[in-house]
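Quick notes on the structure that follows.
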Amino acid sequence: MAEITCGKAVFRFSVGPWNLHPGADPFGPPVRHEFDFDAKIAIFKKIGFDAIQFHDDDVCPAELSPAATSRAVKEMKKLLKDNGLEAEFVAPRLWEHPNTIDGGWTSNNAKERAYALERSKRAIDIANEIGTRRIVLWPAREGTYIRESKDPFESYKRYLDYLNALLTYDRGVVLLGEMKPNEPTDAAYLPTPGHFLAMGARTKDPKRVGVLIESAHSLLLGVDPSDDMAFSMACGKLWGVHLNDQDGLKYDQDKSFGAVNIRRAFNQVWVLARGGFGRKGEYVGLDVKAMRTQRQDASMRHLENSLRFFKDLCEAVKRVNLKTVQGFRDARDYEALEAYIVRLLMGK
Ligand code: XLS
Ligand code: MG
């Protein structure tokens with residue numbers, strides 16, 4: 001698709017291989033085949049993505065030796081290059097391994113914490129070799145099921161030590177916290193982007209600590225995603241987004257962007273456009289899941305739809321008359337402003 005300009009922004013799009021998936025959920029097995037990796041890459045390219053988001057073990061199995069890892073990363077890099085794609089980020093997947101049952105860097109077990117750190121350093125090595133500085137941290141199990149199970153003071157200290165260890169290991173990487181308040185744990189430590197940025201400010205190199213905002217994660221917090229995005233941009237810290245949608249306070253649904261609430265999606269696009277997102281190479285990432293009922297041959301439709309809705313909302317943003325908006329603000333006539341926006345979204 002190549003890039004889209006909208007307001008001050010330059011939008012280019014990314015996606016993770018887990019976003020094209022065989023439909024397993026906590027209550028049932030896969031209902032489709034897993035596309036092989038090359039097929040996924042071809043599908044992503046055809047839809048219009050410019051970059052791929054990776055977990056470390058999306059690149060190659062986490063158990064490979066350093067030499068075998070390096071070979072595998074080179075092959076992946078070639079596959080990306082042959083398809084005209086970049087790697088957006090690498091995220092250490094610290095929530096599936098037997099050593100991270102009770103978390104990575106906040107586990108009570110020193111050996112498990114050491115595993116989490118080593119695996120994260122390896123993710124940094126992969127990032128360097130594949131050509132990205134961005135490390136995304138989704139702290140899936142860095143929290144508790146009951147408050148008493150971990151010492152919160154010790155956990156915050158371990159959090160800071162872990163971030164400092166990564167910043168020290170490689171002075172080129174930047175860390176993007178992708179905060180989510182709950183699931184799989186009952187309560188995550190640092191549940192919001194604001195918490196993470198406050199912790200980032202206490203690290204040895206705050207300049208290299210920022211955030212990736214996922215729409216559904218803000219919604220699970222009860223916060224409007226566009227406000228989370230604007231806040232992070234105002235702090236110069238919005239280095240990635242995961243756009244999707246969410247129907248109320250339930251599990252993390254990862255619905256197609258804009259599919260539940262168009263106005264909420266519009267406000268995200270409008271904020272990104274006004275804030276000049278993408279000018280420093282940031283990608284508009286999707287983190288969306290297909291419905292379980294979707295047939296194999298149409299199981300990429302949610303990706304196409306999310307991009308379609310995003311582009312349509314860029315057009316809506318361009319139709320906004322800022323003088324009209326300002327007039328309603330000056331007159332404190334927010335009812336009229338609301339009607340203006342809602343009717344604009346209806347194409348009136
Ligand atoms: C889960 C997260 C996850 C990250 C990548 O809720 O959104 O998919 O984006 O580790
Ligand atoms: Mg995400």
Output yes when D36 and K40 qualify as a salt bridge under the 4.0 Å nitrogen-oxygen rule, no when they do not.
no

Do L303 and F44 come close enough that some side-chain heavy atom pair is under 4.5 Å?
yes

Between D245 and R264, does at least one N-O distance fall below 4.0 Å, as a salt bridge requires?
yes

Are the charged groups of D82 and K78 less than 4.0 angstrom apart, N to O?
yes

Using 4.0 Å as the upper bound for N to carboxylate O, is an ion pair formed by E129 and K74?
yes

Test: R12 and D50 ion pair at under 4.0 Å
no

Hey, does the side chain of R292 reach the backbone of V31 with a donor-acceptor pair shorter than 3.5 angstrom?
no

Taking only residues two or more places apart in sequence or in another chain, which ones pass side-chain contact (heavy atoms from CB on, under 4.5 Å) with H195?
L190, P191, T192

By side-chain contact (heavy atoms from CB on, under 4.5 Å) - contacts of S149 (at least two apart):
T144, I146

V260 backbone acceptor or donor facing K255 side chain under 3.5 Å
no

Holding to side-chain contact (heavy atoms from CB on, under 4.5 Å), I want the full list of residues that pass it with S226, two or more places apart in sequence or in another chain.
D224, N267, Q268, V271

Would you indicate whether the side-chain heavy atoms of V174 and V209 approach each other to under 4.5 Å?
no

Please check: side-chain N/O of D56 versus main-chain N/O of R93, any donor-acceptor pairing under 3.5 Å?
yes

I'd like to know whether R133 forms a salt bridge (Lys or Arg N to Asp or Glu O under 4.0 Å) with D170, so could you lay out the CA-CA distance, the side-chain angles of the two residues, the decisive distance to 0.1 Å, and finally the verdict.
CA-CA 10 Å; R133 300 173 63 213; D170 186 314; over 6 Å; no

Parallel, tilted or perpendicular, judged at 30° and 60°: which one describes the rings of H21 and H302?
perpendicular

Partners meeting side chain to side chain donor-acceptor pair (under 3.5 Å) with D102 (sequence neighbours left out)
none

Residues in salt bridge (Lys or Arg N to Asp or Glu O under 4.0 Å) contact with D330, at least two apart in sequence or another chain:
none

Close side-chain approach of I262 and F309, heavy atoms under 4.5 Å
no

Using a strict cut-off of less than 4.0 Å between a Lys/Arg side-chain nitrogen and an Asp/Glu carboxylate oxygen, indicate whether E315 and K311 qualify as a salt bridge.
no

Could R208 and D205 be called an ion pair, given the rule that one side-chain N must be under 4.0 Å from one carboxylate O?
yes

Can you check whether L117 reaches Y169 side chain to side chain, under 4.5 Å on heavy atoms?
no

F35: which residues meet the ring-ring contact (aromatic ring centres under 6.0 Å, His included) condition with it, sequence neighbours left out?
none

Using modelled atom types and a 3.5 Å cut-off, is there a donor and acceptor pairing between side-chain atoms of R32 and backbone atoms of S299?
no

Given side chains that start at C-beta, do those of K289 and L20 come closer than 4.5 Å, heavy atoms only?
no

